[in-house]
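Notes follow once the structure below has been shown.
So that the names make sense, note that chain A is the first sequence line, chain B the second, and so on, each numbered from 1.
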Amino acid sequence: MDNDTGEADGNGAPTDFIRDIVRADLAAGRHGGVVTRFPPEPNGYLHLGHAKSICLNFGIAQEFDGRCHLRFDDTNPAKEEQEFIEAIQRDVRWLGFDWGDHLHYASDYFAQLFAWAEGLIEAGKAYVDDLPVDEMRAYRGTVTEAGRNSPFRDRDVAENLDLFRRMKAGEFPDGARVLRAKIDMASGNMNMRDPVLYRILHSAHPRTGTAWCIYPNYDFAHGQSDAIEAITHSLCTLEFADHRPLYEWLLENIAVPSQPKQYEFSRLNLSHTVLSKRRLTQLVDEGRVDGWDDPRMPTVSGMRRRGVPAAAVRDFISRLAITRNDGQVEMAMLEHCIREQLNVAAPRRMAVLRPLKVVIENYPEGKSEALVAQNHPGNPDMGTREIPFGREIYVERDDFMEDPPRKFFRLGPGREVRLRYAYFITCNEVIKDASGEVVELRCSYDPETKGGNAPDGRKVKGTIHWVSAQHAVPSEVRLYESLFNSEEVPGGDDFLDDINPNSLEVLPQVWLEPALAELSVGQTVQFERMGYFCADLSSKEDALVFNRALGLRDSWAKIKGKS
RNA sequence: UGGGGCGUAGCCAAGUGGUAAGGCAUCGGGUUUUGAUCCCGUGAUUCGCAGGUUCGAUCCCUGCCGCCCCAACCA
């Protein structure tokens, strides 16, 4: 897994309203230092939206010489799993961030949280409610109508305490009662209408096992966890802005050790894909993709498997800017960042994806020779390698046209092209099968053009890649396109109808130059003229599999498209 | 119709009283043994709309319009 170029990401120190706040707070001496946290719920894999939050939180900690905690918001055992806890840590590390010894879990604080809840009850600020879910919903009112007080709202402290402790002791079934904060059923902010703080859930927790059968919900766990860890700036996405008054209410009404502040920024939306855990989970569970790390997934693990360098993800995020605007970033922006990293880092190789056999008639039978090729034309430090050449080679089917248009610079009857790092060849004869399909080309080469230059100074317009048939190594190659057709994927369950049926194309027999057989899993190279490719996890010595991370920019496709 | 947010080029976005940065995309042109890379050039008389304040407004005020989020014992 070493796609990282080690290059500096982006350019210049990022600036945004949150960093402005941090800077001002530090300048005013409001904190000893900045402490942030990335708080994922372990109920799925991390995606690019999380990457934005990770880069923001860890990035600020780095820039201001503070620290960033990794804290699992594991308050809902019904949905959370150990597998996700591990995958998340792997992904954060791969992105290049380190939480040091600050790996925390909201579940570490269950005992403290419980004690604080008791305190709230004693202060008359929380009560146990017996209302069934649907009734509680009815009592909550609507967005335009105030709610009504629950008939259980005025239970006395002793009864509340007793009931709450019995909830903890497991005396009641799931859903029988909840603990609620006593705030204001008429608030315009739904979150302040006596929000639920604890619910009964007889469900084993990945970390605390069966020690608990009541669990705090997000609102009761998050802010207090921040306070326990002395988080200074608690950064979250915009949909939590409405929770801020509750976040603050809890911090004011509980004797917490510190007073963190919450700030919201807009979440990332990317064209041609979905960035919601619910929908990504559905794609995985319904088998629409090959798991969370399917290279078409916008997950961190999907990017990694596809061959995208972590530096490209970081660079992409750094170009986004942190704001409160809703918007959708074009996939082209991500692709640009990927190409920029890979163009510099990826060694060049040759592979023929859709083979067409070429026999070089004037090249001696049985002869072969080693030709020298650069590993990176723009970077001599990456060295050279030898590529075997012989009488029979494969070239790309798309590099031959029987009746080529004026602007086509590749092979055609009677045309001469350069074989990259090899010789000029001229097409003399086209061989077809019974159905009229071209199956082979008969060509001649010019021995004087070895290496690719003609001593007589004559030029060719096209240079194509090739692989010696005798030495070629077979491989499977998977080409990916965007998972969804629409720039803006439709909401609801309609998103499934928008799945691109051609998002995966498997090429069963691709011919590789021999050097490619030595590539280890996770390394990304450029197949010249074809794009960037990465050896897949499933790749075996005798059954190589490559994923295309991304194609090269293709101006020929545009020219062709216009005519 | 309650509460909370947001509106600067196709996309992301700086600027927040002195006359519209940058990146991506697009479209031109040059270099090139990858139609890649690289290099150069290319777009807002205008900042959601309408009024107002001001010598001057994207920036201040008023009104309007549009979009997003909130009625889980999810996070």
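Partners of A:R529 under the side-chain hydrogen bond (donor to acceptor under 3.5 Å, both in side chains) rule, at least two apart in sequence or in another chain, are A:D399, A:H465. Judged as a side-chain hydrogen bond (donor to acceptor under 3.5 Å, both in side chains), and not counting sequence neighbours, A:S203 has no contacts. Qualifying side-chain hydrogen bond (donor to acceptor under 3.5 Å, both in side chains) partners for A:H104, counting only residues two or more places apart in sequence or in other chains: A:H102. Judged as a ring-ring contact (aromatic ring centres under 6.0 Å, His included), and not counting sequence neighbours, A:Y127 has no contacts. For A:F408, the ring-ring contact (aromatic ring centres under 6.0 Å, His included) criterion is met by A:W556, not counting sequence neighbours. Under the side-chain hydrogen bond (donor to acceptor under 3.5 Å, both in side chains) criterion, A:R137 pairs with no residue at all, not counting sequence neighbours. The side chain to side chain contact (heavy atoms under 4.5 Å, CB included) check on A:R279 picks up A:V274, A:S276, A:V489, A:F495, with sequence neighbours excluded. Scored by the side chain to side chain contact (heavy atoms under 4.5 Å, CB included) test, A:S107 finds A:D74, A:Y105, A:F110, A:H205, A:R207, A:T208 as partners (sequence neighbours excluded).
Within the structure, side chain to side chain donor-acceptor pair (under 3.5 Å) contacts touching residues 321-330 of chain A (residues at least two apart or in different chains) are A:E264-A:R324.
Contact between the side-chain N/O atoms of A:R137 and the OP1/OP2 oxygens of B:A72 is found at a separation under 4.0 Å.
For A:M190, the side-chain atoms get nearest to B:A71 when compared with the rest of B:A75, B:A71, B:A36. Side-chain proximity of A:L552 to the nucleotides B:A72, B:U34, B:A75 is greatest for B:U34.
Across all strands shown, A:F240 has heavy atoms under 4.0 Å from base atoms, whether or not it also approaches the sugar-phosphate.
Ring-centre distance between A:F389 and A:Y423: below the 6.0 Å cut-off. For A:Y247 and A:H243, the ring centers sit 6.0 Å or farther from each other.
B:C39 sits 16 Å from B:U31 when the P atoms are compared, rounded to a whole Å. Comparing the C1' positions of B:C70 and B:G52 gives an interatomic distance of 35 Å, to the nearest angstrom. Comparing B:A13 with B:C24, their P atoms sit 16 Å apart, to the nearest whole Å. Comparing the C1' positions of B:A20 and B:U8 gives an interatomic distance of 8 Å, to the nearest angstrom. Using C1' as the reference atom, B:C68 and B:C60 are 26 Å apart when rounded to the nearest Å. On the C1' atoms, B:G22 is 16 Å away from B:U42, given to the nearest whole Å.
Stacking is not found between A:Y218 and the pyrimidine-like six-membered ring of the B:A75 base under the 5.5 Å centre-distance and 30° plane-angle cut-offs.
Rounded to whole angstrom, the span from the CG atom of A:L131 across to the P atom of B:C73 amounts to 11 Å. Residue A:I200 contributes atom CD1, which lies 19 Å from atom P of B:A72 at whole-angstrom precision.
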Note to self: Let me check I have this right: for RNA chain B, each base becomes ., (, ), [, ] or |, based on Watson-Crick or G-U pairs with both distances under 3.5 Å. What is the full string?
What the structure shows: .(((((((.[[[..)..(...]]]..((((.......))))......[[[[[..)....]]]]])))))).....
Measure all distances between protein nitrogen or oxygen atoms and nitrogen or oxygen atoms of nucleotides 4-6 of chain B, and list the pairs falling under 3.5 Å.
residue: B:G4; atom: O2'; partner: A:D242; partner atom: OD1; Å: 3.4
residue: B:G5; atom: O3'; partner: A:R324; partner atom: NE; Å: 3.3
residue: B:C6; atom: OP1; partner: A:R324; partner atom: NE; Å: 3.4
residue: B:C6; atom: O3'; partner: A:N325; partner atom: OD1; Å: 2.7

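Counting atom types as modelled, A:E145 pairs no side-chain N or O with a base atom of B:U1 as donor and acceptor under 3.5 Å.
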Checklist line | Protein-to-nucleotide contact annotation, 5' to 3' order, nucleotides 25-31 of chain B [B base; S sugar-phosphate only; - none; under 4.0 Å, heavy atom] | finding: SSSS---
